[in-house]
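Working notes for the structure below.
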Amino acid sequence: MRSTSLENETSNLDASINEDAARGGLIEHSNTSHSIGLHDFAHDSTSQQHNTVQRVKHDVDDEKDFPTPQEEEKPQRPSILPRPSSIARHASFLGEDEAPPTSPSPPSTSIKPDRPGPVAWRDLPKKSQLAILTLARLSEPLTQTSLQAYMFYQLKSFNPSLPSSTISAQAGMLQGSFTAAQFVTAILWGRMADAEWGGRKRVLLIGLAGNGVSCVGFGFSRTFWQAMACRTLGGALNGNVGVMRTMISEIIREKRFQSRAFLLLPMCYNIGVIVGPILGGLLSDPVKSYPSVFGENSVFGGENGVWWLKHWPYAPPNLMSAIFLFISTMGVVLGLEETLEAIRDQPDQGLRLGHVVANVFRYLSRRNTHHYTAINSNDDPDFPTNSSRLDSYELESRLPESPIHKSKPRRKLPLSRIWTRNVLCTFLCHSILALHIGTFNNLWFIHLSAPRFTGGLGMPPRSVGFAMAVLGLIGISLQLLVYPAVNARLGTLRSFRYSLCLFPLAYTLTPYLSIIHSSLAPPNQASGILVWLSLSCVLLVHVVGRTFALPANIIHINNCSPHPSVLGTIHGVAQSVSSASRTIGPVLGGWGYGKGLQVGIVGAVWWALAIVAALGWLLSGLVREGDGHEIWLEGEKEEEGGNEVVR
């Protein structure tokens, strides 16, 4: 290499200088007619040679700062998962391979390393793919959270004679049936998502369609067991959360974008928490909520009212949820690309159809244009430039057809080897976090709906919907305005640990909302500025913790994967673990809350939840950030070009 030869030349010059100084020989200057004294010549010669040495050393340093042709041609392993300890682009969290250059600016022919700046939302690559995933993710929390606004009253409508304690237990069972079914099937969906005969997109479509069928069935249920069967079906067919996380990690491969990209899923949840309960509260039981429109002798009801709305009063919000899910399904079919490496190059008829539909709309939007002029490809906004990437369906339509070359199958890590220490510790903290957050989500709407004389707040569905929307409004504001800066400052792991200490405080304060002074006396609903201010303060503490804990938790699950070939499996197992926790938590929480209503101590279950959250905070010290490739199979490093992996 050139740097080695330059170093040898430097050593030879140093040796020559020492030899000349020792001899003290006299050399005649070629451009003058007089002789130079021994001392002066030796000093001058030594200075010139030292200058030469410094120039050579400077060249050597420059060569070390920039890659040689051989190094430039060495293949780089496309990292699926981030390796450094933080996704944030703070200077102290830069990886070793991303350190800013310290040498002077290289010549224009050299490759100058880029120093990444702060990442903004507009900087995210592949926005169309992220938008489709966001739409698909948004439809599910809309469905789940809309139920919480009226579930207590729908269960009450099945058997009005049941006491509130029994309704609380049934609500926990209903919530637990969905997550219990997810627990049983999530790993299977994860394995199918990793298999060539399945893939990410197919699993996602099954989950969306199954959730839609479940919503329609739940809305038209007339008994508790019918509703429970529909919720169980929806959970069994739904493995979408793990698949979406996997697809985001494969779409966004650069680690500096992943903190923003993984924030999209919790943001969708908060948007769903805002919109879902409001829609559920406004659309549930429309005959009683809007008697002048749907009731007897009304505009649409006629003499007896709208029959089907009286018979199935909670069908409208579920039908609205099913419409959202159908729109999301069509978006996935027509626009989402497969990200599984083994089958991503296979033709997708859905993408082809989506391209045809896009061309039809483009034609319809331009059919009124009467004048056409030839344009340069550089002036055509629809013509891809070097800086823009063609989607797969665009490539298929523009390029001539050629035989399909299947990707070389990648070695797969056996299931028995994925259980590393970091995987187990990450799953343990993940299960505890899902346990207390899932229990809180279930108990919160029960606490808001329960009669005041039992320790609840006695709010009707509309007020419950708005109270739930407060939670989402706080969450989305924090995620957009506060999370990026704080996460960049603290890093993913520290922000995760610090946020966990807020949950015990929120759970400890929640039962005291029942004793806040209300402007309306019981049995009327709790109301007044003090009630809503106290409610917002408790939610603020909880949502701040959730805003920082959930995105960091997703990143830790993604990074703890011991091998890229089992990434979908890891997310499937994580969803299964989460489902088990969200099954046990609401069932036990609902049972405990019902017992508290019977004996007059509604705070007991909340304080027990605070102890569980404190335990999760302590155990978070066992979690470390992985690099997504902890285990290397035989021959992989040679195939990757022998690149050394920084651990």
Side-chain angles (χ1 to χ4, degrees), residues 133-155 171 174-175 177-179 182 207-208 210-221 227 230-231 234-235 238 240-241 244 264-286 289 313-329 331 437-449 459-480 535-536 539 542-543 546-547 550 582 586:
L133 281 177
T134 301
L135 176 64
R137 180 65 184 121
L138 179 60
S139 62
E140 294 192 352
L142 279 175
T143 303
Q144 305 299 330
T145 57
S146 67
L147 296 176
Q148 297 174 353
Y150 57 84
M151 183 184 290
F152 185 89
Y153 296 94
Q154 184 175 8
L155 293 174
L174 203 61
Q175 181 69 19
S177 64
F178 182 88
T179 52
Q182 276 190 324
L208 291 172
N211 208 358
V213 173
S214 170
C215 282
V216 175
F218 185 84
F220 288 93
S221 297
C230 293
R231 293 289 291 163
N238 194 323
N240 289 358
V241 174
M244 290 178 185
L264 290 172
L265 299 185
M267 282 180 60
C268 290
Y269 177 81
N270 279 323
I271 295 173
V273 168
I274 297 172
V275 180
I278 293 177
L279 288 178
L282 294 177
L283 297 177
S284 62
D285 201 358
S289 299
Y314 299 98
N318 284 277
L319 291 175
M320 180 62 68
S321 298
I323 292 173
F324 279 123
L325 288 165
F326 174 76
I327 295 173
S328 301
T329 303
I437 288 182
T439 306
F440 174 84
N441 292 337
N442 185 64
L443 292 181
W444 180 248
F445 77 86
I446 296 176
H447 189 65
L448 296 177
S449 304
M459 292 183 175
R462 188 177 301 181
S463 297
V464 172
F466 282 106
M468 298 292 293
V470 170
L471 189 149
L473 284 171
I474 296 173
I476 196 68
S477 301
L478 289 172
Q479 286 173 335
L480 290 175
L535 185 146
S536 299
L539 287 179
H542 184 269
V543 174
R546 197 181 66 185
T547 298
L550 291 182
R582 289 185 290 115

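Throughout, residue positions are numbered sequentially from 1 according to the sequence presented. The figures here come from the full heavy-atom set of this structure, side chains too, leaving out hydrogens, waters and symmetry mates. For clarity, every value in this text was computed on a predicted model and none was experimentally measured.
- Without hydrogens or angle criteria, N318 side chain to Y314 main chain gives a donor-acceptor distance under 3.5 Å.
- Counting heavy atoms from C-beta on, the side chains of F220 and L319 come closer than 4.5 Å.
- At least one side-chain heavy atom of F178 sits less than 4.5 Å from a side-chain heavy atom of Q144.
- The backbone N or O of C230 sits less than 3.5 Å from a side-chain atom of S214, completing a donor-acceptor pair.
- Taking CG of L208 as the start and CG of L325 as the end, the distance is 6.5 Å to the nearest 0.5 Å.
- Checked against salt bridge (Lys or Arg N to Asp or Glu O under 4.0 Å), R582 has no partners two or more places apart in sequence or in another chain.
- Taking CD1 of I437 as the start and CH2 of W444 as the end, the distance is 14.5 Å to the nearest 0.5 Å.
- By the 4.5 Å heavy-atom criterion applied to side chains, S284 and P316 are not counted as neighbours.
- Partners of S289 according to the side chain to side chain contact (heavy atoms under 4.5 Å, CB included) rule, which considers only residues two or more places apart in sequence or in another chain, are R462.
- Pairing each heavy atom of G235 with each of Q182, the nearest pair is O-CG, 3.2 Å.
- Applying the side chain to side chain contact (heavy atoms under 4.5 Å, CB included) criterion to I271, with sequence neighbours excluded, gives L138, V275, I476.
- Of all heavy-atom pairs spanning G272 and T145, the tightest one is O-OG1, 2.9 Å.
- Residues T179 and R231 have side chains not in contact (no heavy-atom distance under 4.5 Å, counting atoms from C-beta outward).
- Here the SG atom belonging to C215 is positioned 12.0 Å from the CE atom belonging to M320, to the nearest 0.5 angstrom.
- The side chain to side chain contact (heavy atoms under 4.5 Å, CB included) check on P460 picks up S463, Q525, with sequence neighbours excluded.
- The line from CG of L147 to OG of S321 is 7.0 Å long, rounded to the nearest 0.5 Å.
- Evaluation of the side chain to side chain contact (heavy atoms under 4.5 Å, CB included) rule for T547 yields L478, Q479, Y483, V543 as partners, not counting sequence neighbours.
- Taken from CD1 in I474 to CZ in R546, the straight-line distance is 9.5 Å, to the nearest 0.5 Å.
- Taking all atoms of both residues into account, the shortest heavy-atom contact from P586 to G438 is CG-O, 4.0 Å.
- Residues L174 and F218 have side chains in contact (heavy-atom distance under 4.5 Å, counting atoms from C-beta outward).
- Side-chain contact between Y150 and P317: present, with at least one pair of heavy atoms (C-beta onward) separated by less than 4.5 Å.
- The main-chain N or O of I446 is never found under 3.5 Å from a side-chain atom of S449 such that the two would form a donor-acceptor pair.
- The OG1 atom of T134 sits 9.0 Å away from the CE atom of M244 when rounded to the nearest 0.5 Å.
- Of all heavy-atom pairs spanning G281 and A149, the tightest one is N-CB, 3.9 Å.
- The side-chain hydrogen bond (donor to acceptor under 3.5 Å, both in side chains) search around N238 returns E140, not counting sequence neighbours.
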